[in-house]
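Below is one structure, written out as structure tokens, with a few remarks after it.
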Amino acid sequence: MASYLEIADDEKGHELDLFCVPRHYENDLEKVIIPHGLIMDRTERLARDIIRDMGGHHIVALCVLKGGYKFFADLLDYIKALNQNSDKSVPLTVDFIRVKSYCNDKSTDNVKVIGGDELSNLSGKDIVETGRTMQTLLSLLSECNPKMVKVVSLLVKRTPRSSGYRPDYIGFEVPDSFLVGYALDYNEYFRDLSHICILNDQAKEKYKV
Ligand code: IMP
Ligand code: MG
């Protein structure tokens, strides 16, 4: 079982004005739940665990866009740093796939997948809620008969809606609320926010489609 940093259900988070958030989002956020620095520290450790487990295997790193792009880039930077500073290293190539399943703050049954032209054995993802998106993607990938597929997700949500699916590597386990920032969006907004934050109800209305 993958280890993770648990953010408790009663986690109060941090006041917004203790951190730097863009002016245009100041009135939309409730609390900072995971500050950017903590995301980076945890990601650094995930990189170390991945390299340890991969042996000398070539990794095709597949980024699940759009929500996974920040995590993917930072995770790969840490993997690169390990590769260039130790006796052991693994060759790395990258690919990108786009997945869309969300409208407002609700998951839909309709998972759309666009792009990706190579087989992958390591997928970098933003968040697993029900697990439906990842399961759809995994069944698509298995048609390509990859040697091995490992999934790394920055966040996993504790929710009764979960299908039971768990990624191979997990950054944080988070409460069942809608989170934004660090590339996680609400109808495309809030990707340009460094910290992972809780959205307030007023903002859910303001950015509703
Ligand atoms: P699942 O298929 O229910 O696991 O949902 C996974 C996808 O839903 C993620 O890749 C996100 O795009 C989106 N998602 C789920 N929860 C959140 C959230 O709290 N904030 C932003 N996007 C979310
Ligand atoms: Mg989204």
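Order of listing sets the numbers, starting from 1, for every ligand and every atom in it. In this chain, numbering begins with 1 at the start of the sequence shown.
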Give the atoms of ligand 1, by number and element, whose distance to some non-hydrogen atom of [X] is under 4.0 Å.
| X | answer |
| --- | --- |
| G131 | 1 (P), 3 (O), 4 (O) |
| S177 | 19 (O) |
| V128 | 4 (O) |
| F178 | 17 (C), 18 (C), 19 (O), 20 (N), 21 (C), 22 (N), 23 (C) |

Just how far is it from atom CG of L155 to atom CZ of R42, taken to the nearest 0.5 Å?
->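 It is 11.0 Å, given to the nearest 0.5 Å.
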
At what distance, to the nearest 0.5 angstrom, does CG of L154 lie from NZ of K70?
->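 Rounded to the nearest 0.5 Å, the CG-NZ separation comes out at 11.5 Å.
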
Given the rule that I, L, V, M, F, W and Y join up when any side-chain heavy atoms are under 4.5 Å apart, are Y25 and V209 in one cluster?
->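 They do not share one cluster, since no chain of ILVMFWY contacts under 4.5 Å joins Y25 to V209.
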
Closest protein heavy atom to [atom], given as residue, atom name and distance to 0.1 Å:
| atom | answer |
| --- | --- |
| atom 20 (N) of ligand 1 | L179 O, 2.6 Å |
| atom 1 (P) of ligand 1 | T130 OG1, 3.3 Å |
| atom 10 (O) of ligand 1 | K125 NZ, 2.6 Å |
| atom 7 (C) of ligand 1 | T133 OG1, 3.9 Å |

So D53 and Y169, side chain to side chain donor-acceptor pair (under 3.5 Å) or not? Walk me through it.
-> CA-CA 11 Å; D53 298 348; Y169 301 91; 2.6 Å; yes

When you measure from the side chain of N187 to the backbone N and O of N104, does any donor-acceptor pair fall under 3.5 Å?
->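 Pair found, side chain donor or acceptor close to backbone of N104.
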
Greater than 12 external heavy atoms within 6.0 Å of R158's CZ =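 Yes, enclosed.
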
Taking the six-membered ring for Trp and the single ring otherwise, decide whether the centroids of F19 and H14 are under 6.0 Å apart.
->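 Ring centres of H14 and F19 closer than 6.0 Å.
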
Can you check whether F190 and Y207 have ring centres sitting under 6.0 Å from each other?
->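 Ring centroids of F190 and Y207 are less than 6.0 Å from each other.
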
Nearest-option assignment for atom 19 (O) of ligand 1, heavy atoms, candidates R132, K157, R161, E129 =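 Shortest heavy-atom distance from atom 19 (O) of ligand 1: K157.
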
Do any N/O/S atoms of D185 come under 2.8 Å of the Mg ion (ligand 2)?
->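 True for D185.
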
D185, portion touching ligand 1 at heavy-atom distance under 4.0 Å =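 Answer for D185: backbone.
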
